[in-house]
Amino acid sequence: VTPHESDPLVIRGPRLTLRYATADDTPALFALGSDPAVTRYFSWGPYTSPEQPAAYIASLPSKRESGSLLDFLIIEDGEPIGVTGLSELARRDRRATVGSWFGRAWWGTGANFESKALVAALAFERLGLERLTAWANTRNGRSQRALERIGFRREGVLRAWHRHGETMHDVVVFSLLRAEWERSALREVLTTIEGTAPPQFTVA
Ligand SMILES: CC(C)(COP(=O)(O)OP(=O)(O)OC[C@H]1O[C@@H](n2cnc3c(N)ncnc32)[C@H](O)[C@@H]1OP(=O)(O)O)[C@@H](O)C(=O)NCCC(=O)NCCS
């Protein structure tokens with residue numbers, strides 16, 4: 001077992017913890033992701049069988065290894081409430097994309113803010129990234145507002161950028177740069193990062 005799997009990343013804030021999902025988390029993830037309101041703007045879901053979240057969880061170690069996806073469960077009081085993580089890593093350009101989703105019961109609770117603070121600390125402080133990108137469907141007004149209030153800046157619209165089945169969707173592109181994060185409220189969230197980062201995700 002590689003160091004980054006035997007000594008996994010765990011990121012703790014005042015209220016939330018980010019950790020890797022394991023097979024034991026399948027029922028909880030199924031419950032969260034089987035709500036059509038949650039997956040409405042996604043290319044996947046809603047889950048209709050526990051085999052779907054089980055397959056997602058089983059795919060994660062090799063994606064950490066290859067540098068294609070670094071996803072975490074968002075834990076509150078010991079229970080998973082959502083998923084966040086980094087994808088679309090460009091090591092040369094020191095950027096990655098952050099994406100998140102929460103069970104409906106946790107929308108509007110501040111969990112999104114804290115989870116973004118934890119991911120941003122990982123990205124800028126530990127991994128050495130210079131930019132976080134975030135996508136929101138042009139029709140997903142809630143996601144756009146949520147990103148703006150956290151301090152992400154709206155950059156524009158990319159047409160026909162994401163495919164869901166046979167339908168192409170326009171997305172709004174947002175970003176947060178290292179210098180903006182340093183001055184933002186996200187930075188004030190007390191964060192501890194334990195464990196070894198997967199080498200493919202470390203640029204600095
Ligand atoms: C998107 C998501 C992560 C945001 O987290 P959240 O806790 O719901 O966000 P917040 O409550 O902090 O912020 C939502 C903002 O949108 C506003 N809002 C709510 N519904 C809205 C709508 N239909 N249109 C525009 N704005 C809306 C809220 O008033 C709030 O803005 P305010 O702070 O100015 O009042 C969460 O809703 C979620 O998991 N959604 C399902 C998955 C998803 O779409 N993920 C994002 C993919 S890019």
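In listed order, ligands and their atoms are each counted from 1.
Heavy-atom neighbours of Trp161 CH2 from other residues, nucleotides or ligands within 6.0 Å: at or below the threshold of 12. Heavy atoms of other residues, nucleotides or ligands lying less than 6.0 angstrom from CD of Glu51 number 12 at most.
Nearest protein heavy-atom neighbour of atom 48 (S) of ligand 1: Trp135 O, 2.8 Å. Atom 45 (N) of ligand 1 has Ser100 O, 3.0 Å as its closest protein atom, hydrogens excluded (heavy atom only). Nearest protein neighbour of atom 38 (C) of ligand 1, counting heavy atoms only, is Trp107 NE1, 3.4 Å. Among all non-hydrogen protein atoms, the one lying nearest atom 34 (O) of ligand 1 is Arg145 NH2, 2.5 Å. Atom 19 (C) of ligand 1 has as its closest protein heavy atom Arg142 NH1, 3.4 Å. For atom 42 (C) of ligand 1, the closest heavy atom belonging to the protein is Val38 O, 3.3 Å. Closest to atom 9 (O) of ligand 1, if we only count protein heavy atoms, is Ala146 CB, 3.5 Å. Taking atom 3 (C) of ligand 1 as the reference point, the nearest protein heavy-atom neighbour is Asn112 OD1, 3.6 Å.
Ligand-side atoms of ligand 1 in range of Gly141: 24 (N), 25 (C), 26 (N), range being under 4.0 angstrom from any heavy atom. Counting the atoms of ligand 1 from 1 in the order shown, those under 4.0 Å from a heavy atom of Trp101 are 39 (O), 42 (C). Within the listing of ligand 1, atoms 6 (P), 7 (O), 8 (O), 11 (O) sit less than 4.0 angstrom from a heavy atom of Gly108.
The pair Arg153-Glu148 does not count as a salt bridge, with every side-chain nitrogen at least 4.0 angstrom from each carboxylate oxygen. A salt bridge is defined here as a Lys NZ or Arg NE, NH1 or NH2 lying under 4.0 Å from an Asp or Glu carboxylate O, and Arg95 with Glu88 fails to meet this definition. Using a 4.0 Å cut-off between charged nitrogen and carboxylate oxygen, Glu130 and Arg178 count as a salt-bridge pair. A salt bridge between Asp35 and Arg40 is absent, with no side-chain N of the basic residue lying under 4.0 Å from a carboxylate O of the acidic one.
Only the side chain of Arg149 comes within 4.0 Å of ligand 1, judged by heavy-atom distances. Here Thr39 has no heavy atoms under 4.0 Å from ligand 1, in either its backbone or its side chain.
Under a 4.0 Å heavy-atom criterion, Phe42 is in contact with ligand 1.
Residue-to-ligand polar distances keep Lys116 apart from ligand 1: every N/O pair is separated by 3.5 Å or more.
Side-chain atoms of Arg91 and Gln200 include a donor-acceptor pair closer than 3.5 Å.
Both Phe102 and Trp44 are members of a single hydrophobic cluster when ILVMFWY side chains are connected at heavy-atom separations under 4.5 Å. Under a hydrophobic clustering in which Ile, Leu, Val, Met, Phe, Trp and Tyr are joined whenever their side-chain heavy atoms come within less than 4.5 Å, directly or via other members, Tyr41 and Trp107 fall into different clusters.
Distance remark: protein heavy atom not present below 4.0 angstrom from atom 28 (C) of ligand 1. There is a protein heavy atom less than 4.0 angstrom from atom 7 (O) of ligand 1.
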Please evaluate residues Glu155 and Arg131 with respect to the criterion salt bridge (Lys or Arg N to Asp or Glu O under 4.0 Å), reporting the C-alpha separation (whole Å), side-chain torsions for both, the decisive distance (0.1 Å), and the verdict. CA-CA 13 Å; Glu155 293 182 314; Arg131 171 192 161 107; 2.9 Å; yes
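Separating the OG atom in Ser115 from the CG atom in Leu73 is a distance of 12.0 Å, to the nearest 0.5 Å.
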